[in-house]
Every structure is written in structure tokens, then in C-alpha cells.
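Treat the numbers as computed from the prediction; the structure is a model and nothing was measured. Chain letters run A, B, ... following the sequence lines, proteins first and then strands; every chain starts at 1.
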Protein chains: 2
Amino acid sequence: MKENAENPAGLDRLVHEPARLIILTALSELESADFLFLLRLAGLTKGNLSSHLDKLEAAGLVEVEKRFVGKKTNTLIRITGSGRAAVEEHWRRLDDLRHRSLQGNPRP
Amino acid sequence: MKENAENPAGLDRLVHEPARLIILTALSELESADFLFLLRLAGLTKGNLSSHLDKLEAAGLVEVEKRFVGKKTNTLIRITGSGRAAVEEHWRRLDDLRHRSLQGNPRP
DNA sequence: GCAATATAGTTTGCACTACAAACCGAATTG
DNA sequence: CAATTCGGTTTGTAGTGCAAACTATATTGC
């Protein structure tokens with residue numbers, strides 16, 4: 001298992017991907033949300049959202065709980081501690097990239 | 001030619017890609033830089049940088065000029081007007097995503 | 001002066017992945 | 001009870017980011 005094989009600027013693709021960045025950022029404020037909420041928020045197809053959630057879950061960034069609400073299935077997605085840490089770290093790195101991208105490099 | 005085929009949150013993958021985001025962000029401050037400078041800055045292999053620059057050039061976000069400095073070839077990369085606009089817009093959208101991601105969506 | 005090494009890139013092949021479309025089962029509606 | 005809706009999962013594919021292999025010129029060692 002590769003930890004975070006030094007992407008440029010340390011930006012983890014798993015988090016950086018637009019759809020997942022939206023999902024994680026929203027979850028870091030909401031704590032949890034259901035499938036359809038995220039579907040509308042991110043503007044994805046269901047299939048698409050499903051596979052993004054698989055990846056986030058596989059990486060331990062979210063937990064997916066399937067339960068019944070009345071008689072209907074309902075999928076609840078919750079952000080984990082390391083999920084929250086990952087988004088926050090990601091935004092920090094983006095800030096660094098934006099504002100300190102040239103530090104330590106000689107001007108050409 | 002597709003303008004910007006509605007990615008989630010309007011984030012253009014061409015700009016969003018970490019290596020290219022670094023390159024464009026740096027160029028938007030420096031105006032121009034040479035190949036090797038960008039190579040070190042982004043921490044890419046030469047091959048990799050070359051193909052990223054191809055894509056940015058094809059999209060009209062940068063201009064690539066090959067010239068001689070003394071007897072050695074030297075490749076100068078310059079950001080274009082629309083390149084600058086694209087990065088700035090991209091950072092704006094990231095800000096929106098980060099701070100207003102939940103606007104207009106009902107809480108679950 | 002010519003072999004070896006360095007510099008400055010480009011081309012190529014592959015492994016991954018984001019996406020839409022197809023699919024599926026259960027519940028609800030007409 | 002047939003059709004539709006809801007809530008998802010699986011599948012096939014096109015695209016792309018990457019490293020490695022390659023090329024061409026310049027420099028250095030002997």
C-alpha cells in the first residue's frame with residue numbers, strides 16, 4: 001500500500017479529484033449526509049457517485065452505512081477522522097501552492 | 001471544441017491537474033519561465049513536463065518559445081492572457097467550493 | 001579528434017480511472 | 001398487476017498521467 005507517493009505539491013489525487021473534493025469538503029462541514037444529497041450536491045450520476053464513495057471508503061476517508069428509513073433503504077455517508085484530516089490538509093496544501101509556490105526556487 | 005463541459009463545480013481538469021496547477025500558478029506570477037525552472041518547481045520528469053506543456057499550449061493557456069542562449073537551446077514558457085484568466089477563475093471556483101459548497105442545497 | 005558524459009528535451013507504452021450506460025431489486029402508483 | 005419510481009451497483013470504454021526509452025546537440029577527458 002503506497003502512502004502518498006509524492007505527487008506534485010503533495011496533492012493526493014484521491015482527495016484532489018473534483019467530485020471527491022466536493023464530497024469531502026461538504027462532509028467535513030455536515031459530518032454526514034445521504035446518497036441522494038451528495039448526488040445533487042456534486043451533480044454526478046448515481047453510478048459515478050457510487051464508485052467515488054467506494055474509493056473514499058476503501059481509503060478509510062468515509063464510512064458508508066446502509067440502513068432502513070421506514071421501508072426504504074437509505075445510505076448514510078459519514079466522514080471519518082482521517083477523512084477530515086485529509087481534506088483539511090489538502091486545502092492547506094492548495095493554499096501553500098497558491099501563495100508560496102515560488103519559495104525556495106531561484107528565479108529563472 | 002467543447003468549452004468547459006460542466007465538470008463538478010465547474011473545475012476544468014486541464015487546469016485542476018496538480019502539475020499544471022503549479023505551472024500555471026507560478027507562471028501567473030512570473031509571466032514566463034524556462035523549461036528547467038518549471039521542471040524543478042513542479043518536481044516532474046522531463047517527459048512529463050513536456051507533455052503537460054503540450055496540453056497547455058494546445059489549449060492556448062501558454063506559449064512555448066524555443067530559442068538559443070549562447071549555443072544551447074532554451075525553451076521559454078509564457079502564460080497567455082486566457083491562461084492567466086483560467087488560473088484565476090480556477091482559484092475562484094476552488095474558493096467557492098470550499099466556502100460556499102452547501103449554498104442552495106437543502107440539508108439532509 | 002573521438003569516445004564518453006551531460007544537457008535539453010520528445011516519443012512511446014502502459015496502468016489506471018472517471019465516466020455514462022446498462023442493469024437490478026424493492027416499493028409505490030395507476 | 002403492469003408500469004414507474006427510487007436507490008443504488010456493475011460494466012465497458014475512452015482518456016490521461018506517468019516513467020522509461022529515445023534523440024540530438026554540446027562539452028569534457030584523454
Is the backbone N or O of [Y] less than 3.5 Å from a side-chain atom of [X], with the two atoms forming a donor-acceptor pair by type?
X     : Y     : answer
B:S28 : B:V87 : no
B:H16 : B:H90 : no
A:S51 : A:N48 : yes

[N] [atom2] sits how many Å from [X] [atom1], rounded?
X     : N      : atom1 : atom2 : value
A:D54 : C:dC19 : CG    : C1'   : 14 Å
A:K72 : C:dG25 : NZ    : C1'   : 12 Å
B:L39 : C:dT10 : CG    : C1'   : 14 Å
A:L56 : C:dA18 : CG    : C1'   : 13 Å
A:I77 : D:dT9  : CD1   : C1'   : 14 Å
A:F37 : D:dG7  : CZ    : C1'   : 17 Å
A:L49 : C:dC19 : CG    : C1'   : 13 Å
B:K66 : C:dT10 : NZ    : C1'   : 8 Å

task = Answer yes when B:E31 and B:R84 have at least one side-chain N-carboxylate O distance shorter than 4.0 Å, and no when they do not.
result =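 Yes, charged N to carboxylate O under 4.0 Å.
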
B:E89 with B:R93: basic N within carboxylate O range, under 4.0 Å = yes

query = Looking across every strand, which nucleic acid part, if any, lies under 4.0 Å from B:T73 by heavy atom: base, sugar-phosphate, or nothing?
reply =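 Sugar-phosphate, no base atom in range.
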
task = Just call it for A:L36: base, sugar-phosphate, or nothing, with non-hydrogen atoms closer than 4.0 Å on any strand.
result =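 Answer is sugar-phosphate: A:L36 comes under 4.0 Å of backbone atoms only.
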
Point-to-point distance, once rounded to the nearest 0.5 Å, from CD of B:E17 to NE2 of B:H52 =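 If I round to the nearest 0.5 Å, the distance is 4.5 Å.
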
request  = Any chance you could list the contact pattern along nucleotides 12-24 of chain D? Use B for base contacts, S for sugar-phosphate-only contacts and - for none, protein heavy atoms under 4.0 Å, 5' to 3'.
outcome  = ----SSBBB----

